[in-house]
2 protein chains.
Amino acid sequence: MTRPRYDLELLLDVAIEEFTKRGYDGTSIEHLSTATGLSKSSLYHHVEGKEHILRLGLERAVTPLLDLLDEQEAREGRAIDRLTYVLRRQIAILADQLAAVTLLLRVRGNTETERWALEQRRTFDTFIADLVRAGVADGDLRDDLDPAVVARLLSGTVNSLTEWYRPGHGSLSPETIADTMLSSSLTGLRA
Amino acid sequence: MTRPRYDLELLLDVAIEEFTKRGYDGTSIEHLSTATGLSKSSLYHHVEGKEHILRLGLERAVTPLLDLLDEQEAREGRAIDRLTYVLRRQIAILADQLAAVTLLLRVRGNTETERWALEQRRTFDTFIADLVRAGVADGDLRDDLDPAVVARLLSGTVNSLTEWYRPGHGSLSPETIADTMLSSSLTGLRA
DNA sequence: GTCTATAAATTGATAGAC
DNA sequence: GTCTATCAATTTATAGAC
């Protein structure tokens, strides 16, 4: 048995990094060729085209995020508990698929694939906003703040982790970062 | 008196938007030509080259942010009060120069100008981190959370506003958003 | 201050040999 | 599955007329 998938995954590792560094439009097939060590023709043997590479890279982030939502469909319990659980899982996915999630957050909607990615993001963000509203309705979250703004701030804070979080090197674990984020968000920073 | 500066400012309005939408590398002079209605040659009459346009656009965001830091140099008072003041002002600058700040946050360091911009961002972020540490030392901020992480989360939350805040249209004012952000961060979301 | 014309290099993609 | 060679279109930038 050969390993064509393995080679594809390696190509995606490189492509996601390049797309993130230079932007999708700013990254040429030639860049990917240089970075992988494969000729341009060989790349076209593995994928249908440039946009196909983007799609496969984005799916690494989108799939686990949507799986998390699906898994939540039948969940019960207080909204505030489900919210904290989903945010923790979102942070875990971000840490596990850091490069792909970073790429997902950088996509702007200039191609069909990018617009698809933005739609998936919107689905996820809407879910978070619904949980915040439900948490306020339950009386567990403050009702003097705009729930829509609160939800966006929470999502923004989580997503901003891609700007600085790097795994390994005795760095903080994703769980510790999630603890800090949720503790400061829910209980506040004041001593 | 002619108005060469005015034409340059108009060009920058367009260029900042295009650079933000497609990325700096992904935006061609031809794009800018189409978007401004000027020929490519005419653009080169106004600026030295593509990277010069980026530099001028980024300065719209960098200059007021560094001015804010300069103004803080001689400030007195408790760190927590200075921190909330600086964050409020940062949000005001973000709202006032939304397009340029968005571009600043999207720059990745592929050119000399981009690396300069990243350096200015780092200067600002370091200032925030110092204020958080001082706030903990004063006993005004919780000492059970990593101040470096807290500072990054605060900066990330502020910067995430570029992802959704849009002025006008009876939308929330920057001041209201700052109120919500600071209240939730300092006092917490729990009811 | 604007334009057309053009330069040399790079773009996404394909043909076809091995 | 890899390569070299090549395509038509696009890239940043310049020359020089008006």
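Note that the coordinates shown come from a computational prediction; the quantities given were computed from them, not determined experimentally. Throughout, protein chains are lettered first and strands after them, A, B, ... in sequence-line order, and every chain is numbered starting at 1.
What separates CG of A:Leu38 from C1' of D:dT2 is a distance of 8 Å, to the nearest Å. At whole-Å resolution of the value, CG in B:Leu43 and P in D:dT14 are 13 Å apart. Counting to the nearest Å, the P atom of D:dT4 and the NE2 atom of A:His45 are 16 Å from each other.
Atom CD of residue B:Glu71 and atom CG of residue B:Leu69 lie 9.5 Å apart, to the nearest 0.5 angstrom.
Between B:Arg108 and A:Glu163 there is a salt bridge, since a side-chain N of the basic residue sits under 4.0 Å from a carboxylate O of the acidic one.
Panel note: side chain B:Thr36, backbone B:Ser33; a donor-acceptor pair is recorded below 3.5 Å.
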Contact letters for nucleotides 7-18 of chain C, in which S counts primed atoms plus P, OP1 and OP2 and B counts the base, heavy atoms under 4.0 Å: ----SBBBB---
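Both tests hold for A:Lys50 against A:Tyr24: distance to the six-membered ring centre under 6.0 Å, angle to the ring axis within 45°.
Contact check for B:Glu9 versus B:Arg60: side-chain heavy atoms found under the 4.5 Å cut-off.
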